[in-house]
Amino acid sequence: MKNLSIIFVIVFVSSVRFISAQTNTAMYISISPTYGANVVDLADSSFLTNDSNNLQIDVLKFYISHFQFLKAGINVLEEQNSFHLVDASDPKTLQIIILNKQNIVFDQLDFYLGIDSITTVSGAMGGDLDPTKGMYWSWQSGYINCKLEGKSKLCSTRNNEFQFHLGGYQSPFNTLQALEFPISNTEHIHITFDIKKIIENINLATLNHVMSPNNVALQLSKTVSKAISIK
Amino acid sequence: MKARRYFLLCICFVVSAFQFTEKSLFFVPDTWPKPKYDFSKNPITESKVELGRKLFYDPIFSGDNTISCASCHSQYTAFTHVDHALSHGIEDRIGTRNSPALMNLAWQKLFMRDGAVNHLDMQALAPISNPLEMDETITHVVSKLQANNLYPTLFYRAFGDSIITGEHTLKAISQFMLTLISSNSRYDSVMRKQANFSEQEKNGYRLYQQNCSSCHPEPLFTNDEFMNNGLPTDSTLKDYGRLGVTKNPNDSLKFKVPTLRNVEFSYPYMHDGRFKRLSEVLKHYTSGIRQSNTLANVLQKPIVLTSNEKVDIIAFLLTLTDKSFLFNPKFSYPRK
């Protein structure tokens, strides 16, 4: 009988906890890969632009990590184990929900484009960081922070392909990009990744393959970081 | 009340027995430094080590299911590829480097001859995906393991999850490799005052301390660093070692300093396996050093050894052979 009452108390307490969790404010962070005004959805097919160079986007995958919420420049909330692989061909990866349990007020969001060096030297990891996700170099340790692949008439390569695998965690080629944005709507945060901002700022005729940590990868990572904005 | 006491006693007994097994799987030999591997992220358990051992010997890791880790790292040759200067992969494809001997890996920070791999867990990815070695992908290996009759159960036993992941696969292989500790050579017995060197070995030990120990210090017999030891560059391989990883000209021609433990069995020697005999290695250090900007400081001045002294050094090096490691049944092909 005593045991039964203990079980009853446990069930009661946990259901109260469950109900209170329901009232926590959930923050929705959505990510939209775009090309200018058009949404880039690679779930079923490649994305074709109507520009004169027949630009085609086949792959867009990137890591965003270490979500930190700030108020007046001070860190007030951070997501634990905050590593998100965003894949323009997988709609599941385009929305992230973070619970703001104490309804903390903030006015700024900081995060990284890529995976930091401490995480990179910490051995095998699971979830979005599992090496089976295809975003880990095998011949030289390190995550690929961003993959952008496609075709353009400008590229005099095989099948007019371009392939950017941007990564590198060690100085002087640490390609991690720290980003910060002011936030007004704290319930729905909308991140846009505009590929057009990358393509317009590089010359695909001369730059079409980056596959290892080097200075070109570093410069291109800076360009890619400018494709990200929050509305 | 009595029953409860008996129960507690049983628990204590089980816990202490458990700790005893854990200790024997991985241990830090007396006088050895603290391991570099972070065990808090991958605590050693018997079921994980056993899984890792099975994976180490399973050709499922190669594209055509013909070669395993053990193909190029066989136990009786200190877990390296004996008789092959450059290790070969599936379909007899020849690689570009000599496979390193595997032992005392918990005390190493960077892996591969050029240190391209930053953690023991991630090391296996390199040979798995190298087209000249296993020519496979970790993603496909995981799906093959998942489809196998045995592995989902073994992963469940080891990690509490029958869904196989890259993380668990790599961590299991690390667990087995971490248990490959060689600390029981005759040299170790002498240090523990359980045996004595012969006069010749004693002289060899003295000469080793004078001439070799700055890069190959006791007790691990490696400083775990990258050095240029003055080898002339092979014109066909054009391998500049660590330069390829860091792009730093100061790292040109630097390769990882290997341990001297079990060196009697880990031939051929050097990153490209160019020397078959220890006598050739010593000849290189006394008369073959090629000067260059990045040559190790300690090799700037030539090492002078008489032919008798070379013989004595080799006699000492043979005392680093650890038969209990080379023939330890816990490290061999899992037959059950």
Side-chain angles (χ1 to χ4, degrees), chain A residues 59 61 63 65 80-81 83-85 87 89-90 93 114-145 147 165-176 210-221, chain B residues 36-42 95-97 109-112 114-146 159 161 163-175 178 242 244-248 251:
Chain A
V59 175
K61 289 167 87 173
Y63 278 112
S65 65
Q80 298 304 308
N81 207 11
F83 304 102
H84 302 277
L85 176 58
D87 182 349
S89 72
D90 183 357
T93 67
I115 302 298
D116 65 286
S117 60
I118 291 173
T119 306
T120 302
V121 297
S122 298
M125 273 169 286
D128 280 0
L129 294 178
D130 197 292
T132 53
K133 299 282 177 185
M135 294 291 276
Y136 195 91
W137 273 315
S138 53
W139 50 277
Q140 178 171 349
S141 294
Y143 286 93
I144 300 168
N145 294 329
K147 267 189 188 177
H165 293 182
L166 306 177
Y169 67 97
Q170 277 175 312
S171 174
F173 309 121
N174 187 349
T175 53
L176 185 76
V210 182
M211 314 286 277
S212 59
N214 54 35
N215 197 39
V216 183
L218 183 61
Q219 299 312 319
L220 188 53
S221 296
Chain B
K36 294 178 182 173
Y37 190 86
D38 181 359
F39 287 90
S40 71
K41 293 198 173 75
N42 190 17
T96 58
R97 284 185 184 147
K109 187 165 184 282
L110 300 172
F111 299 87
M112 313 302 277
D114 56 8
V117 172
N118 67 22
H119 196 285
L120 182 62
D121 293 355
M122 306 326 252
Q123 195 285 328
L125 292 173
I128 289 169
S129 58
N130 189 325
L132 299 176
E133 297 179 50
M134 292 168 146
D135 198 13
E136 216 351 326
T137 67
I138 183 69
T139 314
H140 192 232
V141 167
V142 166
S143 69
K144 285 196 283 186
L145 292 171
Q146 192 73 64
F159 293 98
D161 193 347
I163 304 293
I164 298 171
T165 64
E167 178 195 12
H168 289 164
T169 306
L170 295 172
K171 281 186 167 167
I173 299 174
S174 280
Q175 294 241 343
L178 288 164
R242 187 128 181 86
V245 176
T246 63
K247 315 279 192 289
N248 181 347
D251 285 334

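Each chain gets a letter, A, B and so on, in the order the sequences are listed, and its residues count up from 1. Since the structure is predicted, the reported quantities are computational estimates derived from the model, not experimental observations.
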NZ of B:Lys36: more than 12 outside heavy atoms within 6.0 angstrom? yes
Checking B:Thr137 against chain A: side chain, backbone, both or neither under 4.5 Å from a heavy atom? neither
Salt bridge (charged side-chain N to carboxylate O under 4.0 Å, His left out) contacts in which one or both residues fall within residues 126-138 of chain A, not counting sequence neighbours: none
So, does B:Thr139 use its side chain to make a donor-acceptor pair with the main chain of A:Thr132 at under 3.5 Å? yes
Using non-hydrogen atoms and a 4.5 Å limit, figure out which bit of A:Ser171 sits close to chain B: side chain, backbone, both or neither. neither
Interface residues of residues 210-219 of chain A facing chain B - heavy atom cut-off under 4.5 Å: A:Pro213
Just to verify, what does B:Asp161 make a side-chain hydrogen bond (donor to acceptor under 3.5 Å, both in side chains) with, not counting sequence neighbours? none
Could you give the distance from CG (B:Asp38) to OG (A:Ser122), rounded to the nearest 0.5 Å? 7.5 Å
Side-chain contact test, heavy atoms from C-beta onward, threshold under 4.5 Å: evaluate it for A:Pro131 versus B:Leu170 and give yes or no. yes
Are any non-hydrogen side-chain atoms of B:Asn118 and A:Tyr169 less than 4.5 angstrom apart? yes
Rounded to the nearest 0.5 Å, the CD atom of A:Gln140 sits from the CE atom of B:Met122 at a distance of 13.5 Å
Tell me, side chain or backbone of B:Val245 under 4.5 Å from chain A's heavy atoms, or both, or neither? both
Considering only residues two or more places apart or on different chains, which pairs with a residue in residues 114-137 of chain B satisfy salt bridge (charged side-chain N to carboxylate O under 4.0 Å, His left out)? B:Arg93-B:Asp135, B:Arg97-B:Asp114, B:Glu136-B:Lys144
